[in-house]
Amino acid sequence: MSNAKAFAASSPTSPLASTSIPRREPKERDVQIEILFCGVCHSDLHTVRDEWNAVMPTVYPCVPGHEIVGRVTAVGSSVSKFKVGDLAAVGCLVGSDGTCPECQAGFEQFCNGMTLTYNSPDVHSGGVTYGGYSDSIVVDEHFVLRVPSNLDLAGTAPLLCAGITTWSPLRHWGVTKGQKVGIVGLGGLGHMGVKFAHALGAHTVVFTTSESKVEDAKRLGADEVVISKNADEMAKHALSFDFILDCVSADHDINAYIHLLKRDGNMTLVGAPEKPLPLFSMGLLFKRRSVSGSLIGGIAETQEMLDFCGEHNITADVEVIAIQEINEAYERLLKSDVKYRFSIDMASLKG
């Protein structure tokens with residue numbers, strides 16, 4: 001074991017602060033990565049403050065961060081896909097059982113034995129896993145991803161969660177050129193959904209409650225923007241969408257969007273509202289519409305997304321911060337005061 005610099009929370013109410021954490025030495029299948037940038041996800045805030053206690057209670061000290069981009073500094077003897085000096089990335093997963101039907105199908109995110117990048121039982125070292133708010137990480141080669149060299153690294157980091165969360169359902173439901181696709185909500189997830197849907201060739205429509213976001217939505221690739229509070233604007237799009245991606249985590253009326261789907265259209269939810277959303281079944285029955293959910297993506301699918309981003313020069317819109325600004329960033333995150341993700345320059349950890 002060796003020590004790594006990190007920022008951690010020691011309780012649900014304490015600010016994140018500088019600390020030292022243990023990292024294992026690379027084993028034969030491991031890749032050691034110097035972390036250059038780490039994105040800030042709303043999940044980090046929920047976990048640090050133990051807001052998901054009923055489902056995933058937080059173990060302290062907690063080192064968040066699952067949107068990791070860095071450079072390889074060491075590899076184990078059996079590693080074949082990476083060498084020292086390569087750019088590499090790590091997302092929300094650092095392990096799974098590898099044998100279950102989900103893993104065999106490439107859906108490691110649905111494995112009952114998956115190991116999350118932080119606050120998950122650490123099968124190698126005991127205790128729990130520590131995430132990317134640190135200067136280094138050691139990960140099994142299977143869960144390390146290649147980063148296209150042309151991409152801005154600060155903007156690449158959020159692709160490892162916000163990116164794959166929106167890419168996976170767009171790919172699963174076959175979004176392609178000539179289709180009409182809706183993106184509900186223009187935040188950290190939604191802005192990536194717009195970029196991907198546009199790059200896939202779909203006629204992309206953004207739904208937002210804020211008129212101030214209209215121009216930015218068009219800058220990101222939207223062909224049209226609908227103010228969802230305007231019933232007349234909504235009515236104009238009835239029965240016209242092949243697919244709608246709902247990125248909203250607040251309480252909202254999903255039935256209003258279901259009525260915009262064509263026959264056999266699908267709406268996928270990737271936001272996680274605190275309370276259950278009412279669903280009017282008649283909106284599904286008459287046009288054989290469906291509503292589904294989606295959770296990040298498997299390792300192969302995440303690599304596919306990164307390669308696509310390299311080909312189309314797609315990254316997240318980020319505000320780069322120093323690690324010492326993380327507590328202020330959390331407060332701003334609660335107010336949606338960021339366009340559209342924070343990305344931590346981990347060189348600041350050396351200061």
Side-chain angles (χ1 to χ4, degrees), residues 27-33 39 41 43 66-72 75-76 78-83 86-118 120 123 129 131-132 137-151 153 155-176 189 192-193 195-197 199-201 243 245 266 268 270 292-316:
K27 300 177 181 179
E28 63 178 20
R29 291 178 51 193
D30 284 340
V31 176
Q32 184 181 63
I33 300 168
C41 179
S43 301
H66 57 205
E67 299 178 343
I68 299 166
V69 172
R71 196 169 296 278
V72 176
V75 296
S78 297
V79 171
S80 60
K81 293 187 287 186
F82 296 92
K83 64 182 185 303
D86 286 349
L87 291 173
V90 178
C92 302
L93 303 175
V94 293
S96 66
D97 66 28
T99 58
C100 71
E102 305 291 7
C103 288
Q104 293 297 304
F107 301 134
E108 294 94 343
Q109 76 271 31
F110 299 129
C111 173
N112 289 332
M114 67 177 176
T115 301
L116 298 173
T117 304
Y118 64 87
S120 194
V123 298
T129 52
I137 192 167
V138 178
V139 180
D140 183 290
E141 175 185 33
H142 178 75
F143 295 90
V144 180
L145 299 139
R146 300 181 304 278
V147 177
S149 60
N150 62 303
L151 294 181
L153 297 186
T156 297
L159 299 179
L160 279 303
C161 182
I164 186 57
T165 295
T166 49
W167 172 262
S168 182
L170 289 167
R171 290 291 285 159
H172 175 76
W173 291 98
V175 168
T176 189
L189 293 177
M192 289 307 310
K195 291 187 178 192
F196 285 143
L200 288 166
F243 178 79
L245 183 67
N266 170 267
T268 294
V270 291
S292 61
S294 186
L295 176 74
I296 54 173
I299 299 304
E301 189 173 45
T302 306
Q303 187 63 62
E304 176 193 63
M305 174 211 61
L306 286 171
D307 293 342
F308 182 87
C309 288
E311 293 168 10
H312 295 269
N313 200 29
I314 294 173
T315 56

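The basis for the numbers below is simple: all heavy atoms, side chains too, and nothing from hydrogens, waters or symmetry mates. Residue indices begin at 1 and follow the sequence shown.
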**Student:** Once rounded to the nearest 0.5 Å, what's the spacing between atom CG of Leu306 and atom OG1 of Thr315?
**Tutor:** 11.5 Å

**Student:** Please report the shortest heavy-atom distance between Ala162 and Thr166, naming the atom on each side.
**Tutor:** O-OG1, 3.0 Å

**Student:** Looking at Leu93 and Thr117, what are the two nearest heavy atoms and their distance?
**Tutor:** N-OG1, 3.3 Å

**Student:** Looking at CD of Glu67 and CD1 of Ile164, how far apart are the two atoms once the value is rounded to the nearest 0.5 Å?
**Tutor:** 12.0 Å

**Student:** To the closest 0.5 Å, what do you measure between OG1 (Thr302) and CD1 (Ile296)?
**Tutor:** 7.0 Å

**Student:** Is it true that Lys83 and Asp86 have a side-chain N and a carboxylate O under 4.0 angstrom from each other?
**Tutor:** yes

**Student:** For residues 106-114, run the donor-acceptor check on the side chains, cut-off 3.5 Å, and write out each pair with its distance to 0.1 Å, sequence neighbours left out.
**Tutor:**
unit_1	atom_1	unit_2	atom_2	d
Glu108	OE1	Ile299	N	3.0
Glu108	OE2	His142	NE2	2.8
Gln109	OE1	Gly298	N	3.0

**Student:** Heavy atoms, side chains only, cut-off 4.5 Å: are His66 and Ser43 in contact?
**Tutor:** yes

**Student:** Give me the atom names and distance for the closest heavy-atom approach of Ile314 to Ala199.
**Tutor:** CD1-CB, 3.7 Å

**Student:** Measure the OG1-CG distance between Thr156 and Leu145 for me, rounded to the nearest 0.5 Å.
**Tutor:** 12.0 Å

**Student:** Please answer whether the main-chain N or O of Val79 pairs with a side-chain N or O of Glu28 as donor and acceptor at a distance below 3.5 Å.
**Tutor:** no

**Student:** Give the minimum heavy-atom separation between Ala88 and Phe82, together with the two atoms involved.
**Tutor:** CB-CE2, 4.1 Å

**Student:** Step by step, work out the side-chain contact (heavy atoms from CB on, under 4.5 Å) result for Ser80 and Glu141.
**Tutor:** CA-CA 8 Å; Ser80 60; Glu141 175 185 33; 3.7 Å; yes

**Student:** Find out whether Val144 and Lys81 are in side-chain contact, i.e. whether some heavy atom of one side chain is under 4.5 Å from a heavy atom of the other.
**Tutor:** no

**Student:** Is any side-chain heavy atom of Asp30 closer than 4.5 Å to one of Asp140?
**Tutor:** yes

**Student:** Taking the side chain as every heavy atom from C-beta outward, state whether Trp167 and Cys309 have any pair of such atoms under 4.5 Å apart.
**Tutor:** no

**Student:** Indicate the atoms forming the closest heavy-atom contact of Val270 with Pro169, along with that distance.
**Tutor:** CG1-CG, 4.1 Å

**Student:** Output, in order, the C-alpha distance, side-chain angles, deciding distance and verdict of side-chain contact (heavy atoms from CB on, under 4.5 Å) for Thr176 and Leu200.
**Tutor:** CA-CA 5 Å; Thr176 189; Leu200 288 166; over 6 Å; no

**Student:** Tell me the closest heavy-atom pair linking Phe143 and Val94, and the distance in Å.
**Tutor:** CD1-O, 3.5 Å

**Student:** Quick one: CG on Leu87 to CG on Leu153, what's the gap to the nearest 0.5 Å?
**Tutor:** 5.5 Å

**Student:** Taking ring-ring contact (aromatic ring centres under 6.0 Å, His included) as the definition, give me every residue that meets it alongside His312, ordered by chain and number, with sequence neighbours left out.
**Tutor:** Phe308

**Student:** As a quick check of understanding, evaluate side-chain contact (heavy atoms from CB on, under 4.5 Å) for Glu102 and Asp97, giving each step before the final call.
**Tutor:** CA-CA 10 Å; Glu102 305 291 7; Asp97 66 28; over 6 Å; no

**Student:** Can you tell me which residue pairs pass the salt bridge (Lys or Arg N to Asp or Glu O under 4.0 Å) test with a partner in residues 296-307, sequence neighbours excluded?
**Tutor:** Arg171-Glu304

**Student:** Just by distance, with hydrogens left out, do Thr268 and Ser292 show a side-chain donor and acceptor under 3.5 Å apart?
**Tutor:** yes

**Student:** Measure the OG-CG distance between Ser168 and Leu245 for me, rounded to the nearest 0.5 Å.
**Tutor:** 10.5 Å

**Student:** Give me the one residue out of Thr129, Val31, Ile68 that meets side chain to side chain contact (heavy atoms under 4.5 Å, CB included) with Ile137.
**Tutor:** Ile68

